[in-house]
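Remember, predicted model here, so these are calculated numbers, not experimental data.
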Amino acid sequence: MSRGNSLKIFSGTAHREFSERISKSLNVPLSDMKIFRFSDGEIGVSLNEAVRGSDVFLIQPTCDPTNENIMELLIMADAMRRASAHYVNAVIPYFGYARQDRKAKPREPITAKLVANLITHGGIDRVITADLHTGQIQGFFDIPVDHLTGMKLYMKSFLAEDLKEKRVVVVSPDVGGVSRARKFAVMLDTDIAIVDKRRSYDVANQSQVMDIVGNVKGRVAVLVDDIIDTAGTICHAADGLVERGCERVYACATHAVLSGNAMENISKSSIEKLIFSDTIPIPKEKMTDKILQLTIAPIFAEAIRRVHDEESISNMSD
């Protein structure tokens, strides 16, 4: 850590525990910064130590409250730039607004591009993030983006005997996630299946019909997704897999948004275990017996170390 510019890590308020885990992995203490609110709700930032000439890493997932956390990140970056930091790197474990990445119908915004523009023009030199909703979002930025994945975390969490006996099948809960599921299936050296959902206009009061593409009967299914929000899609997929003969269903996703009636959907579903990373904090009241949270902080810590030491991070997923 002594080569070149000094390394300084700052934490926003979105997920302080995650920043502390990164700090511990790097054996670098969190730098001192005060984040406060004015009486009208405006965000204030005050640095309590010098950053001139330093490589600064700002850790801030843009999860709920999304708008507050994005604005806080931009204000932190502006403070670092005006204090003459050498490089300002945004570590964004969860990138909010990523699902609004295209015009699904006329007269809609592409909000992921808008947020990328705000970050790019807000004085940030590099972004480090994980499991974007779609990989092409990296192209929305005019600065380097290091795109990490939490897939290696989940591999060790499923039953070894089931893998050995080739009983595991990796399942994408929708057509859009096929590429992600295929990569995971390659890691596990197993098969892939796809849940195909479509609207039914022939039967009253039946909004969706689900087909399963692939052999799942008698298998142990592992549903793979990037984000679980209300959990409707993945829970319906799990129930459909059981109806079609799956013995057990597990699920994993990097980002635990868990809004609305997500917890009710999960508790009633056929999912036996749902594994998340810690890119988003999960409140204690949502940590049920079905949910397991694993830390992805060491992966981010290694990426930060390599960026600071000007080493390649392209082989981190090998």
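Tracing side-chain contacts under 4.5 Å through hydrophobic residues (I, L, V, M, F, W, Y), one reaches Leu7 starting from Ile299; they form part of the same cluster. Cluster membership check: Val145 shares its hydrophobic cluster with Val88, using side-chain heavy-atom separations under 4.5 Å among Ile, Leu, Val, Met, Phe, Trp and Tyr. Linking Ile, Leu, Val, Met, Phe, Trp and Tyr whenever their side-chain heavy atoms come within less than 4.5 Å leaves Leu148 and Ile119 in two separate clusters. Hydrophobic clustering, with ILVMFWY side chains joined whenever heavy atoms are under 4.5 angstrom apart, groups Ile92 together with Met76.
Aromatic ring centres of Phe141 and Phe95: separated by under 6.0 Å.
Distance check, rounded to the nearest 0.5 Å: NZ of Lys273 to CD1 of Ile291 gives 9.5 Å.
Nearest heavy atom pair, residue Ala98 against residue Ile137, reads O-CD1, 3.4 Å.
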### Message
Walk me through whether Leu58 and Val91 qualify under side-chain contact (heavy atoms from CB on, under 4.5 Å).
### Response
CA-CA 6 Å; Leu58 308 176; Val91 180; over 6 Å; no
### Task
With side-chain contact (heavy atoms from CB on, under 4.5 Å) as the test, would you mind laying out the steps for Ile70 and Tyr97 before giving the verdict?
CA-CA 10 Å; Ile70 289 174; Tyr97 285 112; 3.8 Å; yes
### Query
So Arg81 and Asp125, side-chain contact (heavy atoms from CB on, under 4.5 Å) or not? Walk me through it.
CA-CA 10 Å; Arg81 184 63 64 196; Asp125 297 301; 2.7 Å; yes
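The side-chain contact (heavy atoms from CB on, under 4.5 Å) test with Thr254 is passed by exactly one of Ile280, Ile228, Thr149, Thr279: Thr279.
A salt bridge does not link Arg21 with Glu17: every distance from a Lys NZ or Arg NE/NH1/NH2 to an Asp or Glu carboxylate oxygen is 4.0 Å or more.
There is no side-chain donor-acceptor pair under 3.5 Å between Ser54 and Asn5.
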